[in-house]
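First the proteins, then the strands, lettered A, B, ... as listed; each starts at 1. Quantities reported herein were computed from a predicted structural model and do not represent experimental measurements.
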Number of protein chains: 2
Amino acid sequence: MTNIRDIAKMAGVSVTTVSRVINNHPYVSEDKVSAVKAAMKKFNYHRNINAVHLSRGKTHLIGVVVPFSNHPYFGLLIEGIANAALNHNYKLALIQTNYEEAKEMEALRMLEDKQIDALIICSRICEWDVIESYRKYGPIVLCEDSRNDKISTTFIDHYKTFTMALDYLYKKGHHHIGYTIGRQTGTNSKQRDAAYKEFLTRYSLRYEPNYIFTSRFDVEDGVSVVENLLDMKNRPTALLVTSDQVAAGILTACRENGLFVPDDVAIMSFDNQPISKVMHITTLEIPFVEVGKKLFQQALNDHEVSHEEIQVRLIERKTV
Amino acid sequence: MTNIRDIAKMAGVSVTTVSRVINNHPYVSEDKVSAVKAAMKKFNYHRNINAVHLSRGKTHLIGVVVPFSNHPYFGLLIEGIANAALNHNYKLALIQTNYEEAKEMEALRMLEDKQIDALIICSRICEWDVIESYRKYGPIVLCEDSRNDKISTTFIDHYKTFTMALDYLYKKGHHHIGYTIGRQTGTNSKQRDAAYKEFLTRYSLRYEPNYIFTSRFDVEDGVSVVENLLDMKNRPTALLVTSDQVAAGILTACRENGLFVPDDVAIMSFDNQPISKVMHITTLEIPFVEVGKKLFQQALNDHEVSHEEIQVRLIERKTV
DNA sequence: GTATGGTATGAAACGCGTTTCAGAGCAAGA
DNA sequence: TCTTGCTCTGAAACGCGTTTCATACCATAC
């Protein structure tokens, strides 16, 4: 393998000059530029990227932490980040945690080891103070509603959004509203819970514990929601659902069991993925491409901490 | 930042000894081991991973090329590879190409630059000879049916599978079978086309060009298939569909348009994703986790080229 | 008593590009 | 004429861990 010193020798210049040519630095005479380029071509020179990384202390790699990759929510987020990264000539290091804390720690350690320039955590399990303690090694960006002063975030205000959605359903005449979520813990879920309780209080509605369905992530979990629904005496008349995927499951199971949507149960979900369009599901659109782009921009910015709120948009279709 | 030399000095040993301790090499006396470990702890030593990469010429990073990340097919594949990678302490560099050749070339160049130890291409656009020419820089693995002698592959024999599926439909009484695919070019599509034509010949059936629906990737594309179907005089009685996603779109649109499944059109698809279970779609299961695992194993093996055929399994449900 | 082989340790070379610093040459402005 | 300020170039330092090679010691083996 030829290295920069070989090229320098071949072209009759110093390594500095070769480096300057490679990196398009000014102040190199034309004839030296062409001499260097000729030598590089002749010897099929390729710089050792790891030497560049060592020397610069940067890798142009951004770590992305997700619990799963096959879930549409995270898939879309990855897609958004990947597109932004590609435009800026960054590569992505994907770290799939399956919600294991050890894996998330590994990602943080990659930042510490300078294997990645920044870390985007799409869904965390680690405590805030753990994450904060790694901030000194590089930018860390979270996709979570928090006005932390060290860590940048891009987020959806789930309290606001949930309140808006609940009010919308209430205005449509629904006074018995249930909801489904994924993880019970987690900032998003807490915000939703708070918004829900505030809503009940505001309209003097009773809190029904069995109107809340936890651990619903995927289509199949939607089916199980309907199974529960069928067993209930006083069913909710409307359901605010984790995602379009879960909603699709609910909708399908409802049809099979003679439950009419929206007459027996109204369905409103999150994301606005293609399936919701096809099934005419009323949903709250989350602009993932924008979220990904923002997350990426924040990851590049080591100097200032910012918090970007992303607005969701109500898409009215036929399930409410 | 403390480096290995600082630690060596602090512990009163040579850098070699420190390196040996770090990497658990034998032949270091116990007292030196503990002296080194103490020094590392005291100064919060972390080795610079980029120096390791430079020195070793390996990065423990595997490149994964996908056209999109949010598509369930690729999401599942990524999931499978990511899980295998995590178990072997490898990291994934995700390269999303959007089917742009330039991006795929960039991935190949990452291999050349030693930024990644191996490359897994889930769906290619580059020509074989281009890919082959990069083989000398490291293992390249494809997810495509080809018995190339330089490049390892893990694949589904789509000719065989398609034939099997068509025969199954034929035996169920379907003599007018259409099919949908994603990209028109690409090995998989060619294999399916060949299998389809062979099937028609074998049973002396007429080739109907409008029974073939190209560029169907997602749920929404399934809806458009049904729109076409409704316009046709002699509809196919069965459809072999790209993926469960597309099938879900078709099924939904059929219901809306008074087309009964399977009586008016039978549907059979690929993947066996959760949605197919929920919607009772008869499908051909592709074991993505296994595919991902195999791909990863081949990526690690630079010495021998292998070809792993993955068997699909028919899951009979209610759409045929 | 000598040969053999494992244990323990360190100096030095190796992988390789970037960047700082110093200096030379030349032109425009004072 | 002297200063100021580009333009151009290269030596050397820097980032840092791994690995080869040489050496020394001690303990069996013959």
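Phosphate contact (OP1/OP2 of C:dA8, side-chain N/O of B:Y27, threshold under 4.0 Å): absent. For A:K32, no side-chain nitrogen or oxygen approaches OP1 or OP2 of D:dC8 to under 4.0 Å.
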Using residues 108-123 of chain B as the side-chain source, report each donor-acceptor pair under 3.5 Å to any protein atom, sequence neighbours left out, with the distance given to one decimal.
residue	atom	partner	partner atom	Å
B:E112	OE2	A:H46	NE2	2.8
B:E112	OE2	B:Y137	OH	3.1
B:D117	OD1	B:T59	N	2.8
B:D117	OD1	B:T59	OG1	3.2
B:D117	OD2	B:T59	N	3.4
B:D117	OD2	B:H60	N	2.8
B:S123	OG	B:Y99	OH	2.6
B:S123	OG	B:R183	NH2	3.2

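You'll find the ring centres of A:F68 and A:Y73 outside the 6.0 Å limit.
Residues satisfying the salt bridge (Lys or Arg N to Asp or Glu O under 4.0 Å) test with B:R124, not counting sequence neighbours, are B:E144.
To the nearest 0.5 Å, the span separating CG on A:L86 from CD1 on A:I81 amounts to 12.0 Å. Rounding to the nearest 0.5 Å gives a distance of 12.0 Å between NZ of A:K293 and OG1 of A:T154.
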Distances under 3.5 Å between protein N/O atoms and the N/O atoms of nucleotides 16-18 of chain C, please, pair by pair.
residue	atom	partner	partner atom	Å
C:dG17	OP1	A:Y45	OH	2.6
C:dG17	OP1	A:N48	N	3.4
C:dG17	OP2	A:I4	N	2.5
C:dG17	O5'	A:Y45	OH	3.2
C:dG17	N7	A:R5	NH2	2.7
C:dG17	O6	A:R5	NH2	2.6
C:dG17	N2	A:S55	OG	3.0
C:dG17	N3	A:S55	OG	3.3
C:dT18	OP1	A:N23	OD1	3.3
C:dT18	OP1	A:N23	ND2	3.2
C:dT18	OP1	A:R47	NH1	2.9
C:dT18	OP2	A:S19	OG	3.0
C:dT18	OP2	A:N23	ND2	3.1
C:dT18	O4'	A:S55	OG	2.6

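Distance, B:E30 CD to C:dA8 C1': 13 Å, rounded to whole Å. Summarising the geometry, the separation between NE2 on A:H53 and C1' on D:dC14 is reported as 18 Å, rounded to the nearest angstrom.
Judged by distance alone, the side chains of A:S29 and A:D31 do bring a donor and an acceptor atom under 3.5 Å apart.
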